[in-house]
Structure formats: C-alpha cells, structure tokens
There are 2 protein chains.
Amino acid sequence: MKLDQKDIQILKLLQNNARLSNKEVAAELDIAPSTCHERLKRLTREGFFRAFNANLNLKKLDINVQVMVSVRLNKHEREVVNSFIKRTRTLKGVIKFYHMAGDTDFMIHIGVKDSEDLRSFILDKLANFSYIDHIETAMIFYDECVCNLSIFESEVLE
Amino acid sequence: MKLDQKDIQILKLLQNNARLSNKEVAAELDIAPSTCHERLKRLTREGFFRAFNANLNLKKLDINVQVMVSVRLNKHEREVVNSFIKRTRTLKGVIKFYHMAGDTDFMIHIGVKDSEDLRSFILDKLANFSYIDHIETAMIFYDECVCNLSIFESEVLE
DNA sequence: ACAAGTTCACGAACAAAATTCATTATATTT
DNA sequence: AAATATAATGAATTTTGTTCGTGAACTTGT
C-alpha cells in the first residue's frame, strides 16, 4: 500500500490534532472534502491509526505528581512477563506503559495526586507482584507529546 | 470550577477515543447532545485538554525501531537546559519528550526506520550538543497509551 | 503512440451531526 | 417557600459528513 504526500500530511495533521474535522483537513491539504474523506477512510481501514487520545491537563484534575517507574523482574518467562503486564497496565494512574529490552524491563509513566498516592501505588500495587527484582522511581518535571514523524517530506511509502 | 461525574466521564471517553462525536459521547452518558455539547465546550474553554493526538501505527510507516534515550547534561543552568529542550524536541523521530528530576535529565522516546537512523540520530543530532555528560539508549519492545485516569469514580473536583 | 483500462479527484445531493437558543426543569440561596 | 441561579431539553438552523455519478489524469500493453 502506497502513501503519497497528501496521506502523510493527513497523518501528521491528525497526529497533532486528532479532532480536526474532515473539512479542516481538506482545507489544509487544499483538496476537496470528499477526496479527503476517501483518503481518511482508506487510512483508517488500512490500520494506520492505533488510537486517538486526548491529552488531559492533569493539574486541573488534581494530578500533581508524575513519575517514571522503572521495573526489573527477576524472571523473564513469557508467562511471568505477560502476567505483570496484564496486572499493571490497568492500574489507576498508569498513563503510558513501555516494555523494554535491556536492564529495565518496564517503564511506566504514572500520574497521581500526591506523594502519598505514589507511595501507595508502588508499595501496595506494584511491589507485591511476586517477581519484582528492582523498582526505581524518577520524577517527571514536564512531559510533552511531540510527534515529529520521522518521514522525509519527499519520501513515499509503498 | 467543579467537575461532576458526567464531566469526568467525558474526559475519560475522549482520552481513549478523541475522535468520538459529540453525539456518541452524549449517547454514552445518556444525556441530550445539546447538554453534552455545552459541557464539552466548557471543558475545552477551561483548558482541560492539552492536545488531541493520533497514535499512529509506526510499523506501517516503516518506523521499526523505537528507543528511549536517556540524557544527562553536565550543566544544569536554565539556559543550557532550555537550549537543549528547544533544540532536541523538534528533531525528526522524537515522539515523546520527558524532562526529569534526578540522575537522568531527559528521557526521549524516539522512533526511526532502523538502527542506522538511530545511530545518526544519536551521533549527529544529540551528541553534538555541548553539554552532554551521558547518553543511554534502551530499546522499546512495545509501548502503549493506557490513560487510566487516577480519579475515583465517586470523586468530584472543584 | 495509442487505446483500453485503472485510479483518482471532484461537486452535487442527501443524510447526519453540530450548534444555538428559547423554554422547562432542577438546585441553591435567603 | 419564594427568588434566584444553574443545568437540561428539544426544536430550528447551520454546518459537516457521506455517497456516488462523472470526468480528468495517469498506466499498461500492444
């Protein structure tokens, strides 16, 4: 499946503003709304979008502490790893979940109200999983979704 | 400003599907579209949304390598830090940008085509910033935006 | 180079959703 | 309880989404 410039432009626009209307995207690309609609439908059908997420202003929700929790397990069989993922990804406060290669097995971006909630998250929820080898917590001052698609403007995929 | 259950439900719904139509959200909350529209407008006006991002299927874009690059600087004056941020956050391939407290100053989630592009990213783009003390790269097997808002269902903010 | 076929973009027509607003209902305050 | 403020509603209007027939542009095979 080939992507041309227009397709890539659509992806980039929605990447940075997922609530743009079809009409707005069309205007940006300088094509007819119906044409744009066809392309957007095709991109969706072909699975170019994983999800559309609203990035919330956490401070307004009284979520004042964001941290990156790095976890190392002491067993790495598929079963143990899967069970960790299954159990952890649904915990309240989890924002983003990375499964890593290397020293650290998981990096979990979490957001909570205060340091008490953080303590409870780590001690009560994370640490009582049986195969934890190591947990390290680093505070996040500031995070940002940048989304600079690493595709050259001249590049066309097929 | 107070948030009630319905507001929180709206935020959660859009967090997980930012392209839901007003009508769909209204149906989910079991309220009239006009009511829902008012609330959504209010939430937007009051700044509860930072952004709406499409999460793209990177494999389909020939972006096969995702890594978390940890950077430590050897100077931490505001000027140096700001200049690093300004310079780095716009680099092609940067997906998410974390400014950290602690051992590591920045964690940068990047996505590139292959290990060659990664090498070039690190050597040509990152490493020639003057105040780099340390760069560490960890491969990401898999990442996911989970968005489990850490707000209790019974909780109401004001 | 040319004909046949395919792909793509377009605009008009229709359907659906967004948006506004006057009215009614529900809370809050005094 | 009356008065006031706040929120929800449905109907009317505007705007957008969606479909589809038509024609332009581009491919392919000869």
To the nearest Å, how far apart are [X] [atom1] and [N] [atom2]?
X        : N       : atom1 : atom2 : result
Arg42(B) : dT19(C) : CZ    : C1'   : 18 Å
Lys41(B) : dA17(C) : NZ    : C1'   : 15 Å
Leu40(A) : dT18(D) : CG    : C1'   : 12 Å
Leu20(B) : dA18(C) : CG    : P     : 10 Å
Glu28(A) : dT16(D) : CD    : P     : 15 Å
Leu29(A) : dC8(C)  : CG    : C1'   : 15 Å
Arg19(B) : dA18(C) : CZ    : C1'   : 14 Å
Ile31(B) : dA18(C) : CD1   : C1'   : 15 Å

In sequence, state the C-alpha distance, the side-chain angles, and the governing distance for Asp105(A) and His76(A), and then conclude on side chain to side chain donor-acceptor pair (under 3.5 Å).
CA-CA 9 Å; Asp105(A) 293 316; His76(A) 295 89; 2.8 Å; yes
Please determine which of Met107(A), Lys96(A), Gln66(A) meets the side chain to side chain contact (heavy atoms under 4.5 Å, CB included) test together with Tyr98(B).
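With Tyr98(B) as partner, side chain to side chain contact (heavy atoms under 4.5 Å, CB included) holds for just one option, Lys96(A).
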Which of these passes side chain to side chain contact (heavy atoms under 4.5 Å, CB included) with Leu56(B): Ile95(B), Ile63(B), Leu61(B)?
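Testing each of Ile95(B), Ile63(B), Leu61(B) against Leu56(B), the sole residue satisfying side chain to side chain contact (heavy atoms under 4.5 Å, CB included) is Leu61(B).
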Can you tell me which residue among Arg42(B), Lys2(B), Lys12(B) is in a salt bridge (Lys or Arg N to Asp or Glu O under 4.0 Å) with Asp7(B)?
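One option only clears the test, and that one is Arg42(B).
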Select one nucleotide: of [options], the one nearest the side-chain heavy atoms of [X].
X        : options                   : answer
Lys23(B) : dT20(C), dA17(C), dT16(D) : dA17(C)
Asn22(B) : dG17(D), dT9(D), dT19(C)  : dT19(C)
Arg39(B) : dA18(C), dA8(D), dC8(C)   : dA8(D)

Salt bridge Asp143(B)-Arg50(A), side-chain N to carboxylate O under 4.0 Å:
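Between Arg50(A) and Asp143(B) there is a salt bridge, with a charged N closer than 4.0 Å to a carboxylate O.
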Lys/Arg N to Asp/Glu carboxylate O, Asp133(A) vs Arg72(A), below 4.0 Å:
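The answer is yes: the pair qualifies as a salt bridge.
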Could you check whether Ser21(B) gets within reach of a base, just the sugar-phosphate, or nothing at all, counting any heavy atom under 4.0 Å?
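Touches sugar-phosphate only.
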Phe106(B) and ring pair (Phe, Tyr, Trp, His ring centres under 6.0 Å): which single residue from Phe129(B), Phe84(B), Tyr131(B) fits?
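So the option named by the test is Phe84(B).
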For Glu136(B), does the CD atom sit with more than 12 other heavy atoms under 6.0 Å from it, leaving out its own atoms?
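Counting neighbours around CD of Glu136(B), 12 or fewer heavy atoms of other residues, nucleotides or ligands fall under 6.0 Å, so no.
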Greater than 12 external heavy atoms within 6.0 Å of Glu28(A)'s CD:
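Counting other residues, nucleotides and ligands, CD of Glu28(A) stays at 12 neighbours or fewer.
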For a quick test of reading the model: is some side-chain N or O of His37(A) closer than 4.0 Å to OP1 or OP2 of dT18(D)?
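Indeed, a polar side-chain atom of His37(A) lies that close.
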Can you give me the bend angle of the helix from dA1(C)-dT30(D) to dT30(C)-dA1(D)? Use the axis through the first five pairs and the one through the last five, nearest 10 degrees.
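So the angle between the two local helix axes works out to 50°.
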Closer to the 5' end of DNA chain D via nearest nucleotide, is it Lys6(B) or Glu24(A)?
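In this pair, the answer is Lys6(B).
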Counting primed atoms, P, OP1 and OP2 as sugar-phosphate and everything else as base, the B/S/- map of nucleotides 21-30 of chain C against protein heavy atoms under 4.0 Å is ----------
